[in-house]
Amino acid sequence: MKIGFIGLGNMGAPMAKNLAKAGHDVVGFDNIATIPKEITPGASSKSVANNADVVIFMLPNGEISRLVAIDIMSIMKKGSVLIDCSTIDVASAKKINELANESSINFLDAPVSGGVVGANSGSLTFMVGGKKDIYDRLIPLFDIMGQKSVFCGTAGSGQSAKICNNMILGVTMIATCEAFALADNLGLDRQAMYDVVSTSSGSSWSMNTYCPAEGIGPKSPSDNSYLPGFSADLMLKDLRLSQQAANEAGTSTPLGEVATKIYQTFVENGDGSGLDFSAILPWIKTSQRS
Ligand code: NAD
């Protein structure tokens, strides 16, 4: 396929490389990042979109996705597909879908989980919203960039699934870290705490797979000075998107709201920026009970 790839940063570059390695003709554009040698450089978003069967976005946020979508829509081939793999707000995903429909372009929102490691190894998970027949047609592309893709429903559903998942993740990570801080202060050994909780009703992905305590459980960023992994900044971004969506949907999410405030304080005033989101454990430990 002729693929246009826009946004070749930490995630986009390895995803585009994997598509090129699999034999697709990939033309890429990024307004700052260097284009990997496997990708044919395009002069602009428009030139990348011109004649492409599929255009893929891996951009920072919804506003940029919308602006780039508006820019390229008139030049995209009728019947071609725009896939936005960026994590963006649900409202922007739905807006881009509307614009695409008006121009006879097909749109899928397909945010990912798996981070830079997953992007490099082609083992991302895609959460896909849009028309089922278009998704079915493009499964081979998702299979190159990822190990799993889940069709979630109409346009915007991929983003909805992603932020609901990450709201659970933010909340359970904070709860897990609070429990470790309490266990420490009660004199409970961390290994004993892990052995009990990871096989009991308090278990979760945050505890069992991504344990925030150094030297406990499977290898995770806590064993590597809390280098990301999944950064606290991106967790804050996703929690904010969850609260924006909850606001628009009129849904009460008090724990999501508190988790957003906690990550905001950690990132903006607690030296958390640039660290893995599980680095909130040592920060919580030093917090004073009010
Ligand atoms: P990044 O900042 O490394 O890459 C984004 C790229 O988009 C940059 O290179 C930037 O120059 C480019 N860009 C911005 N505006 C542009 C424009 N108008 N035209 C062309 N290029 C433009 O970010 P990333 O880590 O690759 O993340 C990309 C997306 O993936 C984000 O939405 C993020 O939330 C999501 N995501 C990231 C991770 C992760 O672990 N990094 C995990 C899951 C999802």
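The model shown is predicted, which means the values in this text are computed figures rather than measured ones. Order of listing sets the numbers, starting from 1, for every ligand and every atom in it.
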*Who passes side chain to side chain donor-acceptor pair (under 3.5 Å) against S242, sequence neighbours left out?*
none
*asked:* Test of understanding: with salt bridge (charged side-chain N to carboxylate O under 4.0 Å, His left out), list the residues that count as partners of E102, not counting sequence neighbours.
replied: none
*Are any of the side-chain nitrogens in D136 or K132 under 4.0 Å away from the carboxylate oxygens of its partner?*
yes
*Sorted by chain and number, the residues that approach ligand 1 to under 4.0 Å with a heavy atom*: I6, G7, G9, N10, M11, F29, D30, N31, I32, A33, M58, L59, P60, I64, V68, S86, T87, V112, G115, V116, K162, L234, K237
*asked:* For K285, give me all partners under salt bridge (charged side-chain N to carboxylate O under 4.0 Å, His left out), at least two apart in sequence or on another chain.
replied: D184
*asked:* Looking at M15, is its backbone amide N or carbonyl O close enough to the side chain of N18 to form a donor-acceptor pair, meaning the two atoms are under 3.5 Å apart?
replied: no
*Check whether any side-chain N or O of S80 sits under 3.5 Å from a backbone N or O of M76 as a donor-acceptor pair, and report yes or no.*
no
